[in-house]
Amino acid sequence: MERYDPQAVELKWQDIWERERAFYVPNPADASKTDKEHTYVLEMLPYPSGELHMGHVKNYTLGDVLAHVRRRMGFRVLRPMGYDAFGLPAENAAIREGGHPRLVIERNIAAIREQMKRMGWAIDWDREVSSHEPSYDRWTQWLFIRFFEKGLAYRKEAPVNWCPNDQTVLANEQVIDGRCERCGAEVERRNLEQWFFRITAYADDLLDEMSLLESWPEHVLTMQRNWIGRSDGAEVVFRIEEQDVEIPVFTTRPDTLFGATFFVLAPEHPLVPKLVEGTPHEGEIMDYVRQAAGRSSVDRADPEKEKTGVSTGAFVTNPVNEERLPIWVSDYVLMEYGTGAIMAVPAHDERDFEFAERFELPVKVVVAPEGEEPEEGTYVPHAENERLVDSAQFTGLPAAEGKQAIVEWLESRDLGRGAVSYRLRDWLLSRQRYWGCPIPILYCESCGMVPVPDEDLPVLLPEVDEYLPKGRSPLAAAEDWVHTKCPTCGGEAHRETDTMDTFVDSSWYFIRYCDARNDEEPWNREIADYWLPVNQYIGGVEHAILHLLYARFFVKVLNDLGLLGFREPFLRLFTQGMIHYLGAKMSKSKGNVLSPDDLIASHGADAVRLYILYMGPAEDDIEWQDTGIEGMARFLGRLWRLGLEVAERGGIDVPADGPLVRRAHQAMAKVGDDITRRFQFNTPIAAVIELVNEIYHAKDDPDRAGEVRFATEAAVSLIQPYAPHMAEELWERLGHERLWEAAWPQADPALLERETFELVVQVNGRVRDRVEVPVGLDDSELLDRAKELPRVRAHLDGKEIRKEIVVPGKLVNLVV
RNA sequence: GCCGAAGUGGCGGAACUGGUAGACGCGCUGGACUCAAAAUCCAGUGGGGCUAGGCCCCGUGCGGGUUCGAUCCCCGCCUUCGGCACCA
C-alpha cells in the first residue's frame, strides 16, 4: 500500500490553498449590512526577533483549529497575521546578528512567513502588516498626534525606570521585581523628562468595563485589577505652622486619624530641603536623602531589611486634634504613590509599627474590636466589629461609620476630602533607542511643541551609522534630520529624537488588520466596527498587564475620539500554557529548544499540529514528550491506510443507521461542541481516534462496508481542522473535493438517541452490576430489573431495602 | 505576607450538571506476521487479596463533613505553580 508522505502531500495542499486563495476573506462591499455571520479570530502577533518556536506553534494552531471549525460552520472568519517588528527584542536580535535592524528583521519576517505557510495555517495574507513599515508607522504617528491633541500624550519630568543595559527608560509594566523585563538588569531610578500616555485617566474605565468582557480568565482580570490598584480613602491636610505650609497625605484609614503619632516624608519630597535648610539637622538629613537616592529600588523595597529614617526636628499639626507630630524622612515612603507623605499610625499599620519600634515612637490604639480593651502600645490588626476608641466625639462609632464621619468633618472644615488613589502610573512611552516608531513632534523656539502635520507623516527613521544604544537616542546623531523648520511659523525647529515603546504599535494592530491597505486613514470606521471587537483572542499570559492593558486603554480612547464604536478590543481571551521540554521551560540558554522545522521534517506538520494540542488542556503548561508525537504520527498512518482502503472499495451505499453510524454521529456531536463551546482541543482528537479504532474493528466485515465508509468520511472530516493536509488528500481520494469548504458535520439528534442503555446498579452506593435495558422503562420496572440480577441479590442477601434511588437513563441505587 | 490556579495509574491526561474513576495517547507485557528486525495488526495493563476464568477489598494530596451516592459541594491542613509585594 502507498505509504504516507507528509512532505509531498502537505506541500501539494499548501500550494492549492494559495492558488485558490482559500483563506482570503475580503471585506464586505457594504459593511453596514451583515451578509453572513462573521467572527474575528486573533492570535497575538510574533516578534520577528528570531524564527518561530514551539510556543508560536501552539498559539497559531489553536487559532487555526478554531478558525477552520467556525468557517465550516458557516461563519465568515477574519484570521490575519502580522509582525511586531519594532522594539528591543528585534533591535537586540539585530545587534546580536549584526547588520541593520531593518535588514535583519525583514529577513526574519521572510523566514517566519515561510514557517507559517509550512505549518499550513489558514491565514489571509492580504492583510499582513508589520509595525516597522512606513505604511503602518504613519498611522501610529497619526494616532499619537490625536492623543497629544487631547492631552492624553504629554511630556514631563518624573522619576523613571532606567535600564542601564538596554540604555533606555522603561514603563512600570516592563519592570519585573525591579528588573528589566527584557534583559533582567536591575533598573535605576532617574529623573528625566519623558513622554507619557495618560492611562491613569482611564483607571476606572479599565476596571468598570471589565463587565463588558464575555470571557477572560479570572487570573488575568485579577492581575489587571491588582495592577490598577484602586484604593478608596481620603486626602487629609496637615500643616506646618511655623512655615505656614500645608502637606496633604493620602490614607485609606481616615478612621485612625486620632492614632497618628508621627509623620513621614519620602526622601524625594520637594519640601525636605526647605524644611531642614539652616537647621542643625540639615547635614544629616541631606546625607540620608542622597543615600536613599543611591539605594536601588530592589534594595529599598526589600521588606526583610530594617527600616531607616531620620528625624527633621520639625512638626506638623494633626487637623483632628491639633496634636503636634514629629516629621521624619524615610525611604519606606514612596514619592510616586499618594502624595509622597504619610501620617503614621503605628497601632494600625504594620510598617508604621515597625518604624515606631525601631525609633521608639509612641503607639496609640484608636480602633479595637467591640468589647475588647487592647493593650496600649501594641499593633492592632483589622478585625470584625471594630469600633473607634480614644477618638474624641467619634469614639464608639463602628469603623466604617467612623471613616465616613471623620471625612465629612474634615470636608466641612476644608481640611480634607474623600479621595481615590491608584497604583497604576501613566504609561511611559518614549525610548532612547533607534529601532522604533519616531515620535512625530517638533520643538520650535517660538511655538514650543508642535506636532508634525498629518500630511507630512510618516516621520521616517533617519539612516544613522551608529544605532547601538548609548544613553541618548541614536536618532540625535542624524543632525540633518533633527534640524528642520517649524510648520507653524517657519522658524528653526528640531525633531523629537526618542522613539515609541513597541507596545504602542501593538496596541492597535488588530484594528489595522481590518482595513490593512487603507492609505487615506488608519482604518475605515464602518469596516472596523463590522469586524471588531475580536471574538476570540489567543496568546500568552505574559501580556496580562502589558499589551492587554494597553490595548484596552487604546480602544477606550479611540472610542472617545469617535474613531471606533466599541469600548473593549477583545471579548473573549484565552491564555495558553507554556511548553516545557526535558523538565524545563524551553530556552536557548538551557539548550532544550525544539525546532518546529526539524519536527516538520521528521513527522510532518499535521503530526506536529495534532500533538501540540493533544498534549493536554491548552491553558496548562505541558511537558513535550518525544514519544508523544510518534503516537500522533502513528494515528495519522492508521487513518491514512483506512482512508486508502475505503477509497479503493469505491462508492458504496451508506446505510441510514447502524452502530458505527451512531458512533460517528457521537463523534460529530463531541468535536464541534468541545472546540467551540468548551474551548477544549485535546478531547476532540481522542474522540476521533476512538472512532477510527472502532472502524478498524468493523472494517473487514463485508456486511458493514457502508457503515465503514460513512464513519471513515466522518473521521476525515472531523480531523480536518487539526490535520488539514492529510484530511484534504483523503477527502479527495474518497471522491470529494475541497473539504475546507465543506459544511461542518452536524450530528443527527435522532441518531444520538439510544434504544437501550447500560443500567448501573448500586447497593449502598457501590456498583454491583450493570445490565443492558431498553430506554423508556419506568422506575419500578428498572428496580425490578435491578433486583433480579444475581450479583445484586447476593448483596441484598435478605436484608431490608430502606431506600431506592432511581436516576432515569443512568442508575439504580438500593440502600439496605 | 496577600491574591489566584492546581494536585487523578509508570507518564501526559479524561470524566461537561453530585451518578460506572482512569476515555485517548505514551510506556510496558504477551500474541500474530517475518529467516530476523522494523513497521503493522490483535489482546492485556491502577494497587492488593482470594477457595482466581469469577468475586472481594483499597484507591482521585491529607483530615473531617454534607449526601443514597463526592475527583466534583463545604470546613481545616499540606504541597506545587503563577501574580503582587514597604501602594499608606
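Chain letters run A, B, ... following the sequence lines, proteins first, then strands; residues in each count from 1.
Within the structure, every side-chain polar atom (N or O) of Arg766(A) is placed at least 4.0 Å from both OP1 and OP2 of C56(B). One finds a side-chain N or O of Arg678(A) lying less than 4.0 angstrom from the OP1 or OP2 phosphate oxygen of A15(B). Using a 4.0 Å cut-off, no side-chain N or O of His382(A) falls inside it from OP1 or OP2 of C2(B). In this structure, Ser231(A) reaches the A88(B) phosphate: one of its side-chain N or O atoms is under 4.0 Å from OP1 or OP2.
Every pair passing salt bridge (charged side-chain N to carboxylate O under 4.0 Å, His left out) that includes a residue from residues 332-348 of chain A is listed here, sequence neighbours excluded: Arg189(A)-Glu336(A).
Between the CD atom of Gln576(A) and the P atom of A5(B) there is a distance of 20 Å, rounded to whole Å. Summarising the geometry, the separation between CZ on Phe635(A) and P on U40(B) is reported as 14 Å, rounded to the nearest angstrom. Remark: P of A43(B) and OH of Tyr696(A) are 13 Å apart, rounded to the nearest angstrom. Distance CG (Asn764(A)) to C1' (A70(B)): 16 Å, rounded to an integer number of Å. One interatomic measurement links the two molecules: CG of Asp620(A) to C1' of G82(B), which rounds to 12 Å at whole-angstrom precision. Taking atom CG on Asp621(A) and atom P on A6(B), their separation rounds to 14 Å, with Å as the unit.
Syn is the glycosidic conformation of A52(B), whose angle stays within 90° of 0. For G9(B), the base is syn relative to its sugar; the glycosidic angle is within 90° of 0.
C24(B) and C72(B) have their P atoms separated by 24 Å, with the value rounded to a whole Å. Taking atom P in both U60(B) and G22(B), one finds a spacing of 14 Å when rounded to whole Å. Nucleotides G27(B) and G12(B) have their P atoms positioned 15 Å apart, rounded to a whole Å. Atom P of C26(B) sits at a distance of 26 Å from the matching atom of A21(B), rounded to the whole Å. Taking atom C1' in both U8(B) and U80(B), one finds a spacing of 15 Å when rounded to whole Å. Nucleotides G69(B) and C77(B) have their C1' atoms positioned 26 Å apart, rounded to a whole Å. Between A14(B) and C3(B), the distance separating the two C1' atoms is 30 Å to the nearest Å. A gap of 16 Å separates the C1' atoms of G44(B) and G10(B), to the nearest Å.
Side-chain N/O atoms of Trp216(A) and Gln224(A) include no donor and acceptor closer than 3.5 Å. Counted by atom type alone, Gln680(A) and Thr683(A) present one or more donor-acceptor pairs between their side chains at under 3.5 Å. Looking only at atom types and distance, the side chain of Tyr422(A) has a donor-acceptor partner in the side chain of Asp204(A) under 3.5 Å away.
Proximity of Tyr288(A) to Ser330(A): side-chain heavy atoms (C-beta onward) are separated by under 4.5 Å at one or more points. Counting only heavy atoms from C-beta outward, the side chains of His348(A) and Val366(A) approach each other to under 4.5 Å.
For the pair Glu694(A) and Arg662(A), the salt-bridge criterion is not met [side-chain N within less than 4.0 Å of a carboxylate O].
Checking A14(B) for Watson-Crick or G-U wobble geometry (two distances, each under 3.5 Å) identifies no partner in any strand. The nucleotide G82(B) finds its pairing partner in C3(B), both defining distances of the Watson-Crick or G-U wobble pair being shorter than 3.5 Å. Taking a pair to require two hydrogen-bonding distances under 3.5 Å in either a Watson-Crick or a G-U wobble arrangement, G53(B) remains unpaired.
Atom CZ of Arg638(A) is surrounded by more than 12 heavy atoms from other residues, nucleotides or ligands within 6.0 Å.
A cation-pi arrangement, defined by a distance under 6.0 Å to the six-membered ring centre and an angle within 45 degrees of its axis, is absent between Lys307(A) and Phe355(A).
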Polar atoms only, N or O, under 3.5 Å: list the protein pairs with nucleotides 19-26 of chain B and their distances.
{"unit_1": "G19(B)", "atom_1": "N2", "unit_2": "Gln762(A)", "atom_2": "OE1", "d": "3.3"}
{"unit_1": "U20(B)", "atom_1": "O2", "unit_2": "Arg770(A)", "atom_2": "NH1", "d": "2.3"}
{"unit_1": "U20(B)", "atom_1": "N3", "unit_2": "Glu758(A)", "atom_2": "OE1", "d": "3.2"}
{"unit_1": "A23(B)", "atom_1": "O2'", "unit_2": "Glu690(A)", "atom_2": "OE1", "d": "3.3"}
{"unit_1": "A23(B)", "atom_1": "O2'", "unit_2": "Glu690(A)", "atom_2": "OE2", "d": "3.2"}
{"unit_1": "C24(B)", "atom_1": "O2'", "unit_2": "Tyr614(A)", "atom_2": "OH", "d": "2.7"}
{"unit_1": "C24(B)", "atom_1": "O2", "unit_2": "Tyr614(A)", "atom_2": "OH", "d": "2.5"}
{"unit_1": "G25(B)", "atom_1": "OP1", "unit_2": "Asn693(A)", "atom_2": "ND2", "d": "3.1"}
{"unit_1": "G25(B)", "atom_1": "O4'", "unit_2": "Tyr614(A)", "atom_2": "OH", "d": "2.7"}
{"unit_1": "C26(B)", "atom_1": "OP1", "unit_2": "Arg634(A)", "atom_2": "NH1", "d": "2.7"}
{"unit_1": "C26(B)", "atom_1": "O2'", "unit_2": "Thr627(A)", "atom_2": "OG1", "d": "2.6"}

Pairs: protein N or O with nucleotides 51-55 of chain B N or O, under 3.5 Å:
{"unit_1": "C55(B)", "atom_1": "OP1", "unit_2": "Arg791(A)", "atom_2": "NE", "d": "2.8"}
{"unit_1": "C55(B)", "atom_1": "OP1", "unit_2": "Arg791(A)", "atom_2": "NH1", "d": "3.2"}
{"unit_1": "C55(B)", "atom_1": "OP2", "unit_2": "Arg791(A)", "atom_2": "NH1", "d": "3.1"}

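The two residues Gly55(A) and Ile579(A) make their nearest non-hydrogen contact at N-CD1, 4.1 Å.
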Might you work through the side chain to side chain donor-acceptor pair (under 3.5 Å) test for Tyr581(A) and Gln625(A), ending with a clear yes or no?
CA-CA 7 Å; Tyr581(A) 186 47; Gln625(A) 294 183 337; over 6 Å; no
